[in-house]
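Contents: one structure, followed by commentary.
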Amino acid sequence: MQHQIPIQKLGKEGEVMAHAIEACVHCGFCLPTCPTYVVLQEEMDSPRGRIFLMKEVLEGNLKLEEALPYLDRCLACQACVTACPSGVPYGELIATFRLWSEEKRHRFPLERTFRLGLLRTLPYPERFRPLAKLGARLKPLLKPLPLPKPLKAPLALLPDRLPEEAPYREVYPAKGERKARVGILLGCAQRVLRPSINQATIRVLQENGVEVVAVPEQACCGALNLHAGDKEGARALARKNLKAFRDVDYVVTNAAGCGSGMKEYPLLFLGEPEEEEARALAAKVKDLSVLLDELGFIPPPPPSRPLRVAYHDACHLAHAQGIREAPRRLLKAAGLEVLEPKEWELCCGSAGTYNLFQPEIAEALGRRKAENLKATGADLVATGNIGCLTQIQAYLDLPVLHTAELLALLYEGKDPLA
Amino acid sequence: MGFLEELKALLPGRVLTGEAELAPYESDALTAYRKRPLAVALPERKEEVLGAVRLCHQYGVPFVARGSGTSLSGGSLPVEGGVVIALNRMNRILRLDPKARIAVVEPGVVNLKVSQEAAPFGLYYAPDPSSQPISTLGGNVAFNSGGAHCLKYGMTANHVLGLEVVTPTGEVVRLGGESLEGVGPDLHGFFVGTEGLLGVAVEITLRLLPKPEAYHTVLAAYPSLEAAGEAVSRVIRAGLLPGAMEIMDRLSIEAAEKAVRAGYPPVEGLLIVELEGPKEEVAEEALVLEGVLRESGALELRVARDEAERQAIWKGRKAAFSAVGRLSPDYLVQDGVVPRSRLGEALREIQRLSREYGLRVANVFHAGDGNLHPLVLYDGKKPGELERAEALAGEILRLCVRLGGSLTGEHGIGVEKKGYMPEMFAPEDLLAMEEVKRALDSQGLANRGKVLPEVVRAGA
Ligand SMILES: Cc1cc2nc3c(=O)[nH]c(=O)nc-3n(C[C@H](O)[C@H](O)[C@H](O)COP(=O)(O)OP(=O)(O)OC[C@H]3O[C@@H](n4cnc5c(N)ncnc54)[C@H](O)[C@@H]3O)c2cc1C
Ligand code: SF4
Ligand code: SF4
């Protein structure tokens, strides 16, 4: 598409954005997979519409504030990237645009405080844990109250009791011959809300001949900050990880958003001294499922009874990282029957903090996803991302497990439905 | 109350007027044309469409119906000062009757959705424009859209049994019915292809077909585009009627491969032939086809081994237009038609024109129908390139008419090709069209400025 974006004025970020906009031919192939378009059926809430809006803003034809309501509704799920025949790197476009626009936009003081609070809390387990604990404890008291949606939604997603997180050892030896030495990204909110995912990940890796290092100096991946346009916050976290993971073969991620977030480090350090190092680290990042699949998966003993599992594609695995086959192969190799829900490409509405800021759309998507999963007739659901897991569980009466948790149960000879 | 106030009262919260709301509706898939509308209306029921059109009629405000905005000819380009009636929220399948093999749908239903919903009954909706995952039936009806498989089954018009239409004067009419054997003149057939000039389709009754029992999909690689074109005539001469026959040239193969990795060989001309029907019949025809293709000088034949391979082949073909965006920042898609027997000649001439104008032309088309889709690649940032691309596209259109074909096979005239109408139609023909339009829409409200060239109007 034609544009008159003043690239010289905008620098490297401008180049990235202009390149994406130029590649869009306005064909609309991305529309049916865009969750906000599916729900709202309006052009400005579609990828094609958003690309156009960003173009107009960058060209100076449209005020940023006018376009923001529609750009803010984007889940950054990148379903449009999978659907786009023209190869528009929409993920890079929206991330860069958010970085570029954050300092220019107006936010109400209360909103600013809430957002900042989130960005200063969620990525830090030691800050988030006490808050989450409090929330879980207050949940039964607050639930019946007519709270505003942005407060109700996160509350509904909190577990009733917060599990304790056992301290991590620094090194977990491989079982049998060592095939690789990897660093595990422990993540942030996930550690607090569901530490069993990390434990399961470590267990599954060990079973597969992988030595796992839980580098203590690591930090949250910073994706939350990056996608909220908080460049400095994201960079501070990313710098820690650049250092922490220098000496491992791979960095294993078990949350879809963290994996894609770390793969975006080069974008975060565009034109900065760290750009090269960021590229090197990004190249080492592998989702758990991919690493296992590549190393030659050693499956657990098959389950004691036939199990039908519906696999839910997390957007940041399927769309942002193109990972769909590996987790399915693992589940099949483990002796499970894998079922495919309708509308696999459609986001479940979790998308980081989306729940908090766009609760209505998030709820519509959550319900729709749960219905599609239920309709497969599965006994349980597996997915590769904690956000999806909590979101789907809120609307679905089947067990929803992380792929790692499911596999770990099988290695332990336990019944995943028990 | 003024017009906008009344419209807002009719569609509370569903009349868009903000700058950021209007901007994304400024163009369809042909972004070289842009116009900002006065407002965009989002009706959810046919009564609301009727109400909106009545208001337009009362106040003399022009309107443009819009589906998914994938028109390649500026068909859903807004009219300045006019209203866009976006029908996307009217996306319900109202009735699907497997026994009668019909589906009654709202106009905003996406083409592919019908086949998906009909699949459990072993039925499908045959017309398959490449844009089928997103284009709406309303748009398909307005443009009489075609697709790869229309070679055997015909275009949209052959599959629409009945229509409910809101006329530009704000009346509701029902045309056709629920079966092929209608009584009286074929008025629904008349409406299909009129590009929204005669009103808004608010309900569409479609014919469904039983899904073929078997498919046999072959890729045949040729050293030249012409040779691939020749092969098409040979297949037809051999008495075969494949479900689809499509040709892709080197540029479009390259683009589609990048987008989809369908496994196309990198050659000058690639012919895709698909046989479909009862198992035994397809098996027999496959043998004949293989013989014909071998004789036609194919360098290589590849048969899809399973449904996944077949799907990949079609996905690549159907993604080709958009995928060309990977090769060039801008392009114009033409869709002139030539008689099948003159395909080779047309392709040679297009290549010559491409060299003469110094612009690349990619080709991917419905060869069986002689429906070309030359994509003229250009870079709008370079001064004069758009104009040169338009001139080249014009030459190609004239070429098609000269060879005894037509300006458009399926993408419509829209605004883009209306200037070429006099190349194909005599002044009397155009005048007759103009009179029909005026009889049904005296104020010229529906899709004002599309299809019919100004010259005629001025002279009339
Ligand atoms: C990548 C790509 C590939 C394509 N491939 C094909 C192809 O293979 N074959 C083909 O035929 N076309 C193809 N097209 C063109 C386009 O998809 C079709 O013309 C399609 O039918 C348009 O549908 P739409 O819903 O997008 O309609 P729009 O673009 O929104 O509208 C098209 C026209 O229909 C009118 N209209 C819309 N709804 C109604 C209604 N309810 N009542 C009356 N008028 C209405 C509009 O006013 C406009 O004039 C392709 C387009 C793209 C971008
Ligand atoms: S599919 Fe790609 S090229 Fe087409 S409109 Fe969407 S982003 Fe643009
Ligand atoms: S990232 Fe997701 S929500 Fe955003 S435009 Fe793309 S498909 Fe829509």
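Below, all heavy atoms of this structure are taken into account, side chains as well, without hydrogens, waters or symmetry copies. Proteins get letters first, then strands, A, B, ... in listed order; numbering begins at 1 in each.
K63(A) does not touch chain B: none of its heavy atoms, backbone or side chain, sits under 4.5 Å away. Using a 4.5 Å cut-off between heavy atoms, Y331(B) contacts chain A through its side chain alone, with no backbone atom that close. Contact of L16(B) with chain A is made through the side chain alone, with heavy-atom distances under 4.5 Å. For Q2(A), the parts lying under 4.5 angstrom from a heavy atom of chain B are both the backbone and the side chain. Within the 4.5 angstrom heavy-atom criterion, only side-chain atoms of R34(B), from C-beta onward, approach chain A. Proximity to chain B is limited to the side chain of R48(A), based on heavy atoms less than 4.5 angstrom apart. In this structure, no portion of Q116(B) lies under 4.5 Å from any heavy atom of chain A.
Ion pairing between a basic and an acidic side chain is recognised when a charged N comes within 4.0 Å of a carboxylate O; K369(A) and D313(A) show no such pairing. One finds a salt bridge joining R89(B) and E42(A) here, because a Lys/Arg side-chain nitrogen approaches an Asp/Glu carboxylate oxygen to under 4.0 Å. Salt bridge E80(B)/R36(B): absent, no basic N to carboxylate O contact under 4.0 Å.
Of the listed residues (L31(A), T33(A), V25(A), V57(A)), the greatest number of heavy-atom pairs within a distance under 4.5 Å of chain B belongs to V25(A).
Under a cut-off of 6.0 angstrom, the local environment of CD in Q4(A) is sparse, with at most 12 non-hydrogen atoms contributed by other residues, nucleotides or ligands. No more than 12 heavy-atom neighbours from other residues, nucleotides or ligands sit within 6.0 angstrom of CZ on R261(B).
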Does the side chain to side chain contact (heavy atoms under 4.5 Å, CB included) test come out yes or no for L53(A) and M44(A), once each step is laid out?
CA-CA 8 Å; L53(A) 287 176; M44(A) 59 282 186; 4.1 Å; yes
